[in-house]
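Here is the structure we will look at.
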Amino acid sequence: MSVWRALRDEVHHLGVELITVGLDSLGSSGCRAAIEAAAPTHPALIDTHHDVARLFGVVNIPQSIWIDEQGMIIRGVTSAPPPPVSDAGAPAGPPPDLPARMMDIMGEAAHIESDPATYHAALKNWITHGADSPYALSASEVINRSGPQSTERALGHAHFELACEAVVQDQKAIAVEHFQAAHRLVPDSWTYRRQAWSLETVAAAGPFERFWQGPHPDHPEQWPYEGDWLSDIRAEGPANYYQPWED
Amino acid sequence: MIVHGQTIEKHAFEAATGWVIKPEGACKAETCIPLPFATDTEDLPAVALANAMNLPLVEEPRMDVLAIGPDSLGGRAVSSAKAPDLCLPDLDGTLHRLSDFLGQKIIVYAWAPY
């Protein structure tokens, strides 16, 4: 969150507003710590039912949508890595005494590919040149480049919203049923999977409990989902986790 | 979108879906779908609306709610480049609409705390 606040403070005087949308069926209780730590100067919104998935096609985070002054999408859902930073001051490695699964997760995450320099150069170009930027897409390109939609996927969005509503109403068993249906019907959505997995917390993971996202080490038979973060990233390949930038 | 009970507020449906309810039916861009019920009231019958528009509908009687999924016209996640008027709360519960920020370039960033 703090990197988005820094970006907003850098570009706001150029006529740009940045809006962050926190996707979490736990609502404000899930998002509060990160938002308060960043003390954002921009609108920091909370999306309990993942409306941006249904409305824009968000399937992973961080992803962005660029919208012009008239409210037209000029670049739809795009992988949006944080701005590039120098290595100076970066953590030397994972914290000590991390559970083995978290070490494995961090090992796979290190192989996730993204291109922040290209993304942010294009963003700055659009901010400066607006509709004359080569990165401002036509309406037809925005539609054509948006993700797939089908009656099955649309049904999956409905199941996912019901799952989130069940979380809100503290009906966990019902939530799991609808999460499972959503995962089956919208199989390429990492956010739909990660949202469900992150609710199956494992106390042994300590502060990383929402990042464990997999079976309990002592009770793996109780895991209610077909996949988990580590299994799925290995099956799909960390290099395919984010869609590459497309000019 | 989540519907509590059997009816849906017209304005809520329009804001959540981008479809506009007119006398001739539910309209988006060049498309209008006739509706088999009166549209001059604020509350619309949710099931009849979803069925008429061929929108996916999942009922969850254990919670007395139902969910209506998005349309799949055109086979793409976005069927119009006009941004839907996303409306969400901040930490204080204050609602913000995308349309509140028109006149500026807007960058929407989706993130998650997990």
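Worth saying up front: this structure is predicted, and the values here are computed from it rather than measured. Throughout, a chain's letter reflects where its sequence line sits, starting with A, and its residues are numbered from 1.
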Original post:
Do you know which of A/Val52, A/Asn144, A/Val58 has the most heavy-atom pairs under 4.5 Å to chain B?
Top reply: A/Asn144

**OP:** Measure from the side-chain N and O atoms of B/Arg76 to the backbone N and O of A/Ser146, and report whether any donor-acceptor pair falls under 3.5 Å.
**Re:** yes

Original post:
Hey, are the side chains of B/Arg62 and A/Gln171 touching, using non-hydrogen atoms and a 4.5 Å cut-off?
Top reply: no

Subject >> Residue from A/Arg194, A/Arg210, A/Gln195 passing side-chain hydrogen bond (donor to acceptor under 3.5 Å, both in side chains) with B/Tyr114 >> reply: A/Gln195

Subject >> Interchain contact, A/His42 with chain B, by part (heavy-atom threshold 4.5 Å) >> reply: neither

**OP:** Just give me the residue among A/Ser64, A/Gly57, A/Gly76 that pairs up with chain B most often, heavy atom to heavy atom, under 4.5 Å.
**Re:** A/Ser64

Original post:
Are any of the side-chain heavy atoms of B/Ser72 and A/Arg153 separated by less than 4.5 Å?
Top reply: no

Original post:
For the candidates A/Ser198, A/Gly15, A/Gly147, which exhibits the highest count of non-hydrogen atom pairs separated by less than 4.5 Å from chain B?
Top reply: A/Gly147

Subject >> Short N-O contact, A/Glu69 and B/Lys105, less than 4.0 angstrom >> reply: yes

**OP:** Just give me the residue among B/Leu55, B/Leu86, B/Asn54, B/Asp100 that pairs up with chain A most often, heavy atom to heavy atom, under 4.5 Å.
**Re:** B/Leu86

Original post:
Which residue out of B/Ala112, B/Gly69, B/Pro56, B/Ala110 racks up the most heavy-atom pairs below 4.5 Å with chain A?
Top reply: B/Ala110

Original post:
Does a side-chain heavy-atom distance below 4.5 Å link B/Leu102 with A/Gln70?
Top reply: no

Subject >> CD/A/Gln180: more than 12 non-hydrogen atoms of other groups inside 6.0 Å >> reply: yes

Original post:
Atom CG in B/Leu91, atom CG in A/Leu45: separation rounded to 0.5 Å?
Top reply: 9.5 Å

Original post:
If only atom types and distance count, is the side chain of A/Arg54 paired as donor or acceptor with the main-chain N or O of B/Ala16 below 3.5 Å?
Top reply: yes

Original post:
Do A/Thr20 and B/Trp111 have side chains that get closer than 4.5 Å, going by heavy atoms?
Top reply: yes

Subject >> Residue part contacting chain A, namely of B/Asp71, when any heavy atom lies under 4.5 Å >> reply: backbone

Original post:
Does some side-chain heavy atom of A/Glu17 sit less than 4.5 Å from a side-chain heavy atom of B/Ile107?
Top reply: no

Original post:
At a heavy-atom separation under 4.5 Å, does A/Asp47 approach chain B through its side chain, its backbone, both, or neither?
Top reply: both

**OP:** Determine whether B/Glu60 and A/Glu165 make a side-chain contact, defined as any pair of heavy atoms from C-beta on separated by less than 4.5 Å.
**Re:** no

**OP:** Would you name the heavy atoms of A/Leu162 and B/Ala67 that are closest together and state the gap between them?
**Re:** CG-CB, 3.6 Å

Original post:
Side chain, backbone, both or neither: which part of A/Pro62 has a heavy atom under 4.5 Å from chain B?
Top reply: both

Original post:
Given that the side chain runs from C-beta out, which part of A/Leu7 has a heavy atom under 4.5 Å from chain B: side chain, backbone, both or neither?
Top reply: side chain

Subject >> Residue B/Leu98 versus chain A: region with a heavy atom under 4.5 Å >> reply: side chain

Original post:
CD1 of A/Ile73 to OG of B/Ser80: how many Å apart, nearest 0.5 Å?
Top reply: 7.5 Å

Original post:
Does NZ belonging to B/Lys28 count more than 12 external heavy atoms closer than 6.0 Å?
Top reply: yes

**OP:** Determine the option with the most heavy-atom pairs under 4.5 angstrom with chain B, choosing from A/Ala44, A/Ala154, A/Ala166.
**Re:** A/Ala154

**OP:** Look at atom CD of B/Gln6 and say whether more than 12 heavy atoms of other residues, nucleotides or ligands are closer to it than 6.0 Å.
**Re:** no

Subject >> A/Leu123 versus chain B, the contacting section by heavy-atom distance below 4.5 Å >> reply: side chain

Original post:
If you count heavy-atom pairs under 4.5 Å between each of A/Trp66, A/Phe56, A/Trp197 and chain B, which one has the most?
Top reply: A/Phe56

Original post:
Contact part of A/Glu209 toward chain B, heavy-atom cut-off under 4.5 Å: side chain, backbone, both or neither?
Top reply: neither

Subject >> Interatomic distance, B/Asp92 atom CG to A/Ile46 atom CD1 [nearest 0.5 angstrom] >> reply: 9.0 Å

**OP:** For residues A/Phe211 and B/Pro113, report the shortest heavy-atom separation together with the two atoms involved.
**Re:** CZ-O, 3.9 Å

Original post:
For B/Ser99, is it the side chain, the backbone, both or neither that has a heavy atom under 4.5 Å from a heavy atom of chain A?
Top reply: neither

Original post:
Side chains of A/Gln169 and B/Val65: does their closest heavy-atom pair fall under 4.5 Å?
Top reply: yes

Subject >> Residue pair A/Gln149 / B/Ala77: nearest heavy atoms and the distance that separates them >> reply: CB-N, 3.7 Å

Original post:
What part of A/Trp126 is in contact with chain B, defined as an atom under 4.5 angstrom from a non-hydrogen atom: side chain, backbone, both or neither?
Top reply: both

**OP:** Starting at CD of B/Gln104, measure out to CG of A/Leu18 and round the result to the nearest 0.5 Å.
**Re:** 11.0 Å

Subject >> Structural part of B/Ile68 lying under 4.5 Å from a heavy atom of chain A >> reply: backbone

Original post:
Can you check side-chain contact (heavy atoms from CB on, under 4.5 Å) on B/Met1 and A/His49, steps first, answer last?
Top reply: CA-CA 8 Å; B/Met1 65 178 299; A/His49 295 83; over 6 Å; no

**OP:** Side-chain contact test, heavy atoms from C-beta onward, threshold under 4.5 Å: evaluate it for B/Leu88 versus A/Ile19 and give yes or no.
**Re:** no

Subject >> When A/Val16, A/Val142, A/Thr151 are compared by non-hydrogen pairs under 4.5 Å with chain B, the top option >> reply: A/Val16

